[in-house]
Novice: 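Sharing a structure below in structure tokens format, with a few things to ask.
Side-chain atoms are counted along with the backbone in the values below, which use heavy atoms only and exclude waters and symmetry mates. Starting from 1, each residue takes its place in the sequence as its number.
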Amino acid sequence: MYEVKIVSDFAAAHNLRNFRGRCENLHGHNWKVEVVVRGDRLDDAGVLLDFGELKQATRDVLQLVDHQYLNDLPYFKERNPSSEYIARFLFENLSARVNGDHRWVHSVSAWESKDSCATYYGESR
Ligand SMILES: Nc1nc2c(c(=O)[nH]1)N=C([C@H](O)[C@H](O)COP(=O)(O)OP(=O)(O)OP(=O)(O)O)CN2
Ligand SMILES: [Zn+2]
């Protein structure tokens, strides 16, 4: 099994509904995002997935959330824009772009601060 990982980031505002305390108020974070892709076969160049391609796919997906008020996005109308659900949103959108027969998005981690992170792994693999 092979694994590649890239990191990226985005900035956004949110507030957490039904959350006890100050996070119910409008505020923002600079999220750091880690994307892990796994697979069992390398291409003719000996790579699982070009880092550049993965970074570009990640940037494309991050455009959906960067500098947005996350609560306004349809995905977060019924789900709180917690780091857990943000990681899941990114995972689902990236999987649609990156997954193939021999490689798949394994996890997406959303670091809300330098010491707090949530990770989504998906359900099928
Ligand atoms: N599991 C999760 N816990 C929390 C989330 C989350 O997405 N998943 N989000 C928040 C809020 O976004 C909040 O903005 C975090 O605020 P902060 O004050 O930084 O949180 P802490 O209390 O952990 O900060 P310390 O200053 O380090 O105590 C909260 N929780
Ligand atoms: Zn927050």
Novice: Centre-to-centre under 6.0 Å for His14 and Tyr69, is that the case here?
Specialist: no
Novice: Less than 4.5 Å apart, any side-chain heavy atom of Phe10 and any of Ile86?
Specialist: yes
Novice: Is the backbone N or O of His27 less than 3.5 Å from a side-chain atom of Asn15, with the two atoms forming a donor-acceptor pair by type?
Specialist: no
Novice: Kindly assign one of parallel, tilted or perpendicular to the pair Phe76 and Phe89, based on the angle between their ring planes and the thresholds 30° and 60°.
Specialist: tilted
Novice: With Ser109, which residues qualify under side chain to side chain donor-acceptor pair (under 3.5 Å), at least two apart?
Specialist: Thr119
Novice: Could you give the distance from OG1 (Thr58) to CG (Leu94), rounded to the nearest 0.5 Å?
Specialist: 4.5 Å
Novice: Does anything in residues 91-100 pair up under salt bridge (charged side-chain N to carboxylate O under 4.0 Å, His left out), and if so which pairs, sequence neighbours excluded?
Specialist: Arg88-Glu92
Novice: Which atom pairs, one a donor and one an acceptor, fall under 3.5 Å between side chains of residues 32-42 and the rest of the protein, sequence neighbours left out?
Specialist:
residue: Glu34; atom: OE2; partner: Trp111; partner atom: NE1; Å: 3.2
residue: Arg38; atom: NE; partner: Glu3; partner atom: OE1; Å: 2.8
residue: Arg38; atom: NH2; partner: Glu3; partner atom: OE1; Å: 3.0
residue: Asp40; atom: OD1; partner: His102; partner atom: ND1; Å: 3.1
residue: Arg41; atom: NH1; partner: His102; partner atom: NE2; Å: 3.2

Novice: Is it the case that one hydrophobic cluster holds both Leu64 and Leu73, taking links as side-chain heavy atoms less than 4.5 Å apart, direct or via other members?
Specialist: yes
Novice: Would you indicate whether the side-chain heavy atoms of Trp104 and Val98 approach each other to under 4.5 Å?
Specialist: no
Novice: Can you tell me how far NZ of Lys55 sits from OG of Ser8, rounded to the nearest 0.5 angstrom?
Specialist: 9.0 Å
Novice: So does Ser82 get a backbone contact from the side chain of Asn80, meaning a donor-acceptor N/O pair under 3.5 Å?
Specialist: no
Novice: Is a side-chain N or O of Asn71 found less than 3.5 angstrom from the main chain of Pro81, in a donor-acceptor match?
Specialist: no
Novice: Taking all heavy atoms of Leu48 and all of Tyr2, pick out the closest pair and write down the distance.
Specialist: CD2-O, 3.8 Å
Novice: Atom CG of Leu62 and atom CG of Asp9: how far apart are they, to the nearest 0.5 Å?
Specialist: 8.0 Å
Novice: Should Ser107 and Tyr120 count as side-chain neighbours, where that means a heavy-atom distance under 4.5 Å?
Specialist: no
Novice: Under the salt bridge (charged side-chain N to carboxylate O under 4.0 Å, His left out) definition, can you give me all pairs with a residue in residues 64-83, not counting sequence neighbours?
Specialist: Asp72-Lys77
Novice: For Tyr75, look at atom OH and say whether over 12 heavy atoms of other residues, nucleotides or ligands are found less than 6.0 Å away.
Specialist: yes
Novice: Which pairs with one or both residues in residues 108-122 pass salt bridge (charged side-chain N to carboxylate O under 4.0 Å, His left out), sequence neighbours excluded?
Specialist: none
Novice: Through direct or indirect side-chain contacts below 4.5 angstrom among Ile, Leu, Val, Met, Phe, Trp and Tyr, which residues connect to Phe19?
Specialist: Leu16
Novice: Are Val61 and Phe51 grouped together when hydrophobic residues (ILVMFWY) are joined by side-chain heavy atoms under 4.5 angstrom apart?
Specialist: yes
Novice: Answer with yes or no whether the hydrophobic clustering places Val4 together with Tyr121; edges join I, L, V, M, F, W, Y residues whose side-chain heavy atoms lie under 4.5 Å apart.
Specialist: no
